[in-house]
Amino acid sequence: MVLSEIIIIPEGDVVAFTFFIGYMAMMAASVFFFFERSQVDAKWKTSLLVSGLITFIAAVHYYYMKDYYLSTGENPTSLRYIDWTLTVPLMAVEFYLLTKAAGAKLNLLWKLIVASVWMLVFGYIGEAFNPEGGDTTHSVIYGVISTLGYVYILYTAWFGEVAQLAKNSDNAKVKQGVRVLAWFVLVGWAIYPIGYMCMPGGWLNVALGWGPENVDLFYNIADAINKIGFGLVVYGIAINSSNKS
């Protein structure tokens, strides 16, 4: 009988620890969101489904990323961006679903999706195609271009169309929830640029000597906060707005 290889987490390897915690936390959140769909009104079931899909997709990618990291000791950049390309637009979809009852149109959904994909595509170019040893100019240029998508989503959530639709909503829970999600975008999503700037040639790498080993730590923490947190906010709105106890 051939025994499968045992994966060992080195003592003191915080990054590996967060990969395993992230995997289990995302999977547990998915189970929770999928099962709780039966406890909310029909109009909120899609929102809970999207929340569950976000964390489930992330859990699958974390399953592979943790093994990749332990096997190679390198950043699983491509796997990371494949995950984000699926999950970040879905997080943008949550803003549309929450404000749909207040009059949100499909063009808002597409604008948020395009902005999120823009952010990810140029972020990926900035990380994956950075010349060997790191090029600050390359890192900064693509970091700035990527940030334009982030700024658009941030503006829309705080002052633009999403904020105005939430303000005009007759549901106080929706108003409160959209504001909390806007805080996630402002604070939680801001963790990702910190990781990006730790890559070779990045500002934090050049100025403070923070190396690529810090990237996954920041990204893992940000993913857990944002993806699970987004879902819990949506769940809170759904359960409090439903007629069921």
Side-chain angles (χ1 to χ4, degrees), residues 18-19 22-23 25-27 29-30 33 46-65 75-99 104 106-128 142-158 160-162 177-178 180-197 199 215-216 218-235:
T18 57
F19 266 123
Y23 164 60
M26 299 289 187
M27 185 57 70
S30 301
F33 294 138
T46 301
S47 296
L48 262 282
L49 175 63
V50 171
S51 296
L53 287 174
I54 290 170
T55 50
F56 179 75
I57 292 169
V60 172
H61 284 96
Y62 265 74
Y63 175 81
Y64 289 104
M65 286 194 291
N75 309 112
T77 303
S78 294
L79 285 169
R80 180 82 69 181
Y81 275 89
I82 291 171
D83 170 41
W84 288 345
T85 301
L86 297 170
T87 56
V88 174
L90 285 175
M91 293 168 78
V93 168
E94 293 286 29
F95 279 115
Y96 167 74
L97 292 174
L98 290 177
T99 55
L106 273 176
N107 66 338
L108 170 63
L109 173 62
W110 287 113
K111 285 187 288 187
L112 290 171
I113 290 176
V114 168
S116 61
V117 172
W118 172 287
M119 177 175 64
L120 294 167
V121 168
F122 287 103
Y124 179 70
I125 295 173
E127 283 198 42
Y142 286 101
V144 169
I145 296 174
S146 173
T147 301
L148 295 177
Y150 168 70
V151 170
Y152 174 80
I153 296 173
L154 185 65
Y155 173 80
T156 303
W158 276 95
E161 195 170 349
V162 169
V178 168
V180 173
L181 293 183
W183 275 108
F184 271 105
V185 175
L186 176 63
V187 179
W189 289 23
I191 302 174
Y192 296 108
I194 296 175
Y196 177 89
M197 289 187 288
M199 298 297 291
V215 173
D216 286 311
F218 285 118
Y219 285 167
N220 291 352
I221 293 172
D223 274 351
I225 292 174
N226 292 307
K227 292 173 182 175
I228 298 174
F230 247 64
L232 289 175
V233 172
V234 173
Y235 169 74

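Note that these values count all heavy atoms, side chains included, but never hydrogens, waters or copies made by symmetry.
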| said: With heavy-atom distances below 4.5 Å as the criterion, would you say the side chains of Ile57 and Met26 are in contact? | reply: no
| said: Is the shortest side-chain heavy-atom distance between Met65 and Asn220 below 4.5 Å? | reply: no
| remark: Rounding to 0.5 Å, atoms CD1 (Ile113) and CG (Leu108) come to a distance of 9.5 Å
| task | Working to the nearest 0.5 Å, report the span between OG1 of Thr55 and CG of Leu232. | result | 9.0 Å
| said: Restricting to non-hydrogen atoms, name the atom on Ser30 and the atom on Gly52 that form the minimum distance, rounded to 0.1 Å. | reply: OG-O, 3.5 Å
| Contacts of Tyr152 that satisfy ring pair (Phe, Tyr, Trp, His ring centres under 6.0 Å) - sequence neighbours left out | none
| field | Criterion side chain to side chain contact (heavy atoms under 4.5 Å, CB included) on Phe56 and Met27, from CA distance to verdict | value | CA-CA 6 Å; Phe56 179 75; Met27 185 57 70; 4.1 Å; yes
| request: Output, in order, the C-alpha distance, side-chain angles, deciding distance and verdict of side chain to side chain contact (heavy atoms under 4.5 Å, CB included) for Leu154 and Trp189. | output: CA-CA 10 Å; Leu154 185 65; Trp189 289 23; over 6 Å; no
| query | Which residues pass the side chain to side chain donor-acceptor pair (under 3.5 Å) test with Tyr96, sequence neighbours left out? | reply | none
| request: May I ask you to test the Leu181-Leu98 pair for a side-chain heavy-atom distance under 4.5 Å? | output: yes
| Residue list, ring pair (Phe, Tyr, Trp, His ring centres under 6.0 Å) with Trp183, at least two apart or on another chain | Trp158
| request: Apply the test side chain to side chain contact (heavy atoms under 4.5 Å, CB included) to residues Ile194 and Val215: give CA-CA distance (whole Å), side-chain angles for both, the deciding distance (0.1 Å), then the verdict. | output: CA-CA 8 Å; Ile194 296 175; Val215 173; over 6 Å; no
| Under the side chain to side chain donor-acceptor pair (under 3.5 Å) test, residues paired with Glu127 that sit two or more places apart | Tyr81, Tyr219
| field | Shortest non-hydrogen separation from Thr99 to Val162 and the atoms involved | value | CG2-O, 4.0 Å
| query | If every non-hydrogen atom of Gly188 is compared with every non-hydrogen atom of Ala222, which pair is closest and at what distance? | reply | O-CB, 4.2 Å
| query | Quick one: do the Tyr124 and Ser78 side chains pair a donor with an acceptor below 3.5 Å? | reply | yes
| field | Val117 vs Pro89 side-chain heavy atoms within contact, under 4.5 Å | value | yes
| remark: Contacts of Phe230 meeting ring pair (Phe, Tyr, Trp, His ring centres under 6.0 Å) (sequence neighbours excluded), chain-then-number -> Phe95, Phe184
| query | Who pairs with Leu97 by side chain to side chain contact (heavy atoms under 4.5 Å, CB included), at least two apart in sequence or on another chain? | reply | Thr46, Ser47, Val50, Val93, Glu94
| request: Determine yes or no for a side-chain-to-main-chain donor-acceptor pair under 3.5 angstrom, with Tyr196 supplying the side chain and Ile191 the backbone. | output: no
| query | Can you find a pair of side-chain heavy atoms, one from Leu53 and one from Thr87, that are under 4.5 Å apart? | reply | no
| field | Minimum-distance pair of heavy atoms, taken over all atoms of Trp118 and Ile145 | value | NE1-O, 2.8 Å
| message | To check you understand the geometry: which heavy-atom pair defines the closest contact between Gly177 and Val233, and what is its length? | response | O-CG1, 3.7 Å
| If only atom types and distance count, is the side chain of Ser146 paired as donor or acceptor with the main-chain N or O of Tyr142 below 3.5 Å? | no
| query | Under 3.5 Å, is there a donor-acceptor pair linking the side chains of Asp83 and Tyr62? | reply | no
| query | Looking at Ala29 and Ile228, what are the two nearest heavy atoms and their distance? | reply | CB-CG1, 4.1 Å
| request: Using the six-membered ring wherever Trp is involved, compare the ring planes of Tyr192 and Trp84 and label them parallel, tilted or perpendicular (cut-offs 30° and 60°). | output: perpendicular
| If only atom types and distance count, is the side chain of Tyr150 paired as donor or acceptor with the main-chain N or O of Leu186 below 3.5 Å? | yes
| field | Asp216 side chain near Arg80 side chain, heavy-atom distance below 4.5 Å | value | yes
| field | side chain to side chain contact (heavy atoms under 4.5 Å, CB included) between Asn226 and Val88, intermediate numbers included | value | CA-CA 10 Å; Asn226 292 307; Val88 174; over 6 Å; no
